[in-house]
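Worksheet for the structure shown next.
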Amino acid sequence: MRQLLVTSALPYANGHIHIGHLVEYIQTDIWVRFQKLQGNRCIYICADDTHGTAIMIRAREESIGEEELITKMQRSHIEDFAGFDIEFDNYGSTHCSENRELCEEIWNSIREAGLVSQQEVTQLYDAEADTFLADRFVKGTCPKCAAEDQYGDSCDRCGAHYSPVEMVNPLSTLTNTTPEVRSADHLFINIERLHGFLDEWTRSEGHLQPEVANYLHGHFLHEPLRDWDVSRPAPYFGFNIPDSPDNYWYVWFDAPIGYMASTRQWCDRQGEDFNDWWAGEQTEIHHFIGKDITYFHTLFWPAMLKTSRYQLPTKIHIHGFLTVDGAKMSKTKGTFVCASTYLKHLDPAYLRYYYASKLTSRVDDLDLNLGEFVTRVNSDMVGNVVNLASRAAKFATVGLSEKYPDDGGLFRQAAQDGREIAQAYESCDYARAIRTILAAADRANRFVEHHAPWKLHKDPEKTAQLQDVCTVALNLFRQLAVYLSPVLPRLAQQTGELLGEPIERWEQSQQPLLDTPVGKFKHMMQRVDRKHLEAMIAESTEHDATAGTAVPLAETCSFDDFMKVDLRVARVAAAEDVADAKKLLKLTLNLGGDEQRTVFAGIKEAYRPEDLVGRLVVCVANLAPRRMKFGLSEGMIVAAGDGGKEIFLLSPDDGAKPGQRVH
RNA sequence: GGGCCCGUAGCUCAGCGGUUAGAGCAGGGGACUCAUAAUCCCUUGGUCGGAGGUUCGAAUCCUUCCGGGCCUACCA
């Protein structure tokens, strides 16, 4: 019997669970249920990730304490997960005494190993909010291309990377004030000292999916690893560092330790020995995470565990992101669906089944195609599998036969399929498991078709034959229910009730159930109603009115300030593609008379050159010319939108003439 | 600029060195009526992104080009 400790990534206490998160929790829950069904000793551990600047700021916005915020959010997360039949053995929080103690212990080991150093870090500081600003909390003008309204680390428009300290006219998005530059001492971990270990660990068989190992070597491990900044100066919501009391551990230091803290809570409750789970080789440790946090889990985390002499992960299972109908989840499209919203409209089994039918062991993104969702659930799951019980149970009033009848080898074949299905679950290739199960369901349906119980039913002399046919059909169905029970626990439970024996072990798929009464049949699952799906999307759709208020207004400016900007109507005389540029089109603008300008505009993804020629636009005519990679840009055209495909050029109403001033 | 991954039927994918390239859904035709408009049978549909190469043999290995996605370190 194996002993397994399984985790999912800790959801951040800053937001609610949505269908994107659920890919991971459903994936993990299926794996854990499979392991338990196999008779392995397996615990599923998770917790809320509660620390960091974002929590501090949100608590302020809601005028409540951080602890109140995270308590509320944890309750909500637990409820959402329960609604999707995701069963944790312990669901904790990183903000607990167990975590603080473990952080301290691991920190001391890292200190003792001589890996910690102090370095000065210069950052922007918001004096009004009294906090250092992470890059995402700074907006300003790009120091390279002068694009406005860019985030503090890089520019959407020219792709430049810089430090927020270099930005022109930076503004704190928290208070809309101008931040100051301040320095503070941070603590760094010299992770390069573990380079050799990480090189070997990431490469050695089985710890990572091959593409992840390739990525790490191609991207990080081919050069010296940079020191990891693990502290943040006050104010910060988190744990104080005992030997550096003005500093806090960065949230990514204490978050993975939360896996251990949550395990410790479980151990204390169960009377188990914590070291048995984290300090000995008898336990396999499996982390399930999304590809966005690969770096923390495959480099920092093993380094921390190695240094503090804890057990290293057996395997890190990494999955991709969720897209909906091929695009990122979007609030305006209504595809950013919260777990609780989903549950108001649809059965959680649908999503569990659909995700399972698409999950493989690779890091690829998973697309939730809404049309396909309906088809797979209705045709494959309900029509093919669940309906099998429906068409046989009704005729099985006398119960199952005493001896298993000749079924042409169907039961044996499906029993043998169990090996392949189990292997598929084990390797996280659930799509393969589902495919194999569906093939068995096809065979079972063919059997029923061929033996036509509805005809036998009409002939009183064929009762025994009818019983045999139902015995086969229901046993074939029960096999499927066992195989699907990690994905569809409720279906397994209903099947157990129908046939009078709960489904608890994988081996139940290997022996037919005989000589037992069959309960009264009730529908086990409804088909998806497209209307409910549409209602869910409608409820998730955020309208423009609410979406538009998200960006705070800029500082008040005087009329004179405004008049410094000379906006002119211009006609696009020519527009051409800039071959090597990702975002730029080269425009020739006519500003009235002979006045011509060349402008490089970052609108390539939203407009085709041929559609622009001849139209009127509004141009900033007195903007300082800018030397760009492809030539000199002598102005700027004004547009709304976030960039990419979401760019909307402004144009005057009919009658305006090139050269007219806009004011 | 660099890195990782992916391009197979309308859609979602399987096949990853060896018989005429497969499945499900969708499309077309038929059967059946037990069942949740279900199920069963037959059927249409692909120059396996393009071009080279290795090989007796390539969707499968290598090179290169094209197209797409993701990442590029104090938000990994």
Side-chain angles (χ1 to χ4, degrees), chain A residues 52-54 119 121-123 132 134-137 151-154 159 161 163-164 184 186 188 191 209-223 225-232 250-252 290-300 320-321 323 325-326 328 354 357-358 360 362-369 371-376 378-384 386-395 429 431-432 434-436 438-439 441-442 444-458 466 469-470 473 521-529:
Chain A
T53 315
Q119 297 170 31
V121 172
T122 304
Q123 275 184 294
F132 280 95
D135 296 350
R136 67 176 175 282
F137 294 118
Y151 280 104
D153 55 347
S154 65
H161 289 264
S163 151
H186 285 223
F188 286 75
I191 197 157
Q209 288 129 295
E211 67 262 48
V212 175
N214 290 346
Y215 157 71
L216 291 171
H217 286 92
H219 214 274
F220 297 107
L221 293 166
H222 69 289
E223 60 183 14
L225 294 161
R226 298 201 189 169
D227 292 347
W228 181 30
D229 183 355
V230 288
S231 78
R232 294 293 181 272
Y250 173 48
V251 54
W252 266 111
K291 64 183 181 183
D292 53 330
I293 54 177
T294 297
Y295 181 68
F296 294 113
H297 282 81
T298 56
L299 299 177
F300 294 154
F321 296 142
T323 56
D325 283 340
K328 263 188 176 176
Y354 182 78
S357 77
K358 302 204 57 158
T360 69
R362 288 192 301 221
V363 192
D364 305 346
D365 288 350
L366 188 155
D367 186 48
L368 167 55
N369 178 295
E372 189 198 18
F373 176 81
V374 174
T375 300
R376 286 213 187 204
N378 286 350
S379 303
D380 295 350
M381 182 172 70
V382 182
N384 197 349
V386 181
N387 185 46
L388 187 61
S390 199
R391 59 194 312 207
K394 178 182 157 187
F395 298 121
D429 193 351
R432 177 193 285 274
I434 297 289
R435 253 183 277 128
T436 309
L438 285 179
D442 277 339
N445 270 307
R446 246 173 274 153
F447 174 88
V448 174
E449 195 77 17
H450 188 248
H451 291 84
W454 55 93
K455 284 184 187 156
L456 301 174
H457 174 65
K458 284 173 190 154
L466 176 63
V469 169
C470 292
F521 181 76
K522 288 180 294 209
H523 274 183
M524 294 179 172
M525 207 179 288
Q526 299 302 313
R527 296 160 60 83
V528 189
D529 186 338

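Values below: all heavy atoms of this structure, side chains included; hydrogens, waters and symmetry mates excluded. Here is the naming used below: chain letters follow the sequence lines, and residue numbers restart at 1 for every chain.
Side-chain rings of A:Trp252 and A:Phe300 stay apart, their centers remaining 6.0 Å or farther from each other.
Contact annotation: side chain of A:Glu223 to base of B:rA73, donor-acceptor pair present below 3.5 Å.
Between the P atom of B:rA73 and the CG atom of A:Leu299 lies a distance of 14 Å, rounded to the nearest Å. One interatomic measurement links the two molecules: CG of A:Asp325 to P of B:rU12, which rounds to 10 Å at whole-angstrom precision. Rounded to whole Å, the distance from CZ on A:Arg391 to C1' on B:rC32 is 10 Å. The distance between atom CG of A:Asn445 and atom P of B:rG24, rounded to the nearest whole Å, is 13 Å. Between A:Leu456 atom CG and B:rU33 atom P the separation is 13 Å, expressed in whole Å. As rounded to whole Å, 10 Å separates atom C1' of B:rU33 from atom CZ of A:Phe395. If you take CG of A:Asp442 and C1' of B:rC40, they are 10 Å apart, rounded to a whole angstrom.
One finds no side-chain N or O of A:Trp228 lying less than 4.0 angstrom from the OP1 or OP2 phosphate oxygen of B:rC74. In this structure, A:Arg435 does not reach the B:rU12 phosphate: none of its side-chain N or O atoms is under 4.0 Å from OP1 or OP2. Within the structure, every side-chain polar atom (N or O) of A:Arg226 is placed at least 4.0 Å from both OP1 and OP2 of B:rA76. For the OP1/OP2 pair of B:rU36 and a distance below 4.0 Å, the side-chain nitrogens and oxygens of A:His523 include at least one atom meeting the criterion.
Nearest-nucleotide positions on RNA chain B for A:Lys458 and A:Asn384 put A:Lys458 closer to the 5' end.
Evaluation of the side-chain hydrogen bond (donor to acceptor under 3.5 Å, both in side chains) rule for A:His186 yields A:Asp229 as partners, not counting sequence neighbours.
When the P atom is compared between B:rA58 and B:rC48, the two are found 13 Å apart, to the nearest whole Å. B:rC74 and B:rG1 have their C1' atoms separated by 22 Å, with the value rounded to a whole Å. Remark: the separation of the C1' atoms in B:rG46 and B:rA21 is 9 Å, to the nearest Å. Only the C1' atoms considered, B:rC66 is 30 Å distant from B:rA26, to the nearest whole Å. Between B:rC11 and B:rG53, the distance separating the two P atoms is 31 Å to the nearest Å. Taking the P atom of each, B:rU60 and B:rC41 are spaced 33 Å apart, rounded to whole Å.
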Q.
Taking Watson-Crick (N1-N3 plus N6-O4 or O6-N4) and G-U wobble (N1-O2, O6-N3), each under 3.5 Å, can you produce the dot-bracket string of RNA chain B? Use [ ] for crossing pairs and | for inter-strand ones.
A. ((((((((.[[[[.)..(...]]]].(((((.......))))).....[[[[[..)....]]]]])))))))....

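Under the 4.5 Å side-chain criterion, counting only non-hydrogen atoms from C-beta, A:Leu388 is not in contact with A:Phe447.
Among all heavy-atom pairs drawn from A:Trp454 and A:Phe395, the shortest one is CA-CZ, 3.9 Å.
The side chain of A:Phe296 approaches B:rA76 more closely than any other nucleotide in the set B:rU36, B:rC25, B:rA76. Residue A:Phe220 has its side chain nearest to B:rA73 when only B:rC34, B:rA14, B:rA73 are considered. Checking B:rC34, B:rC41, B:rU12 against every side-chain atom of A:Lys358, the shortest atom distance belongs to B:rU12.
The aromatic rings of A:Phe373 and A:Tyr354 lie perpendicular to each other, with more than 60° between the two planes, well past the 30° mark.
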Taking only nitrogen or oxygen atoms into account, show me every contact under 3.5 Å that the protein makes with nucleotides 4-9 of chain B, one pair per line with its distance.
from  : atom 1 : to       : atom 2 : distance (Å)
B:rC4 : O2'    : A:Glu211 : O      : 3.4
B:rC5 : OP1    : A:Asn214 : ND2    : 2.9

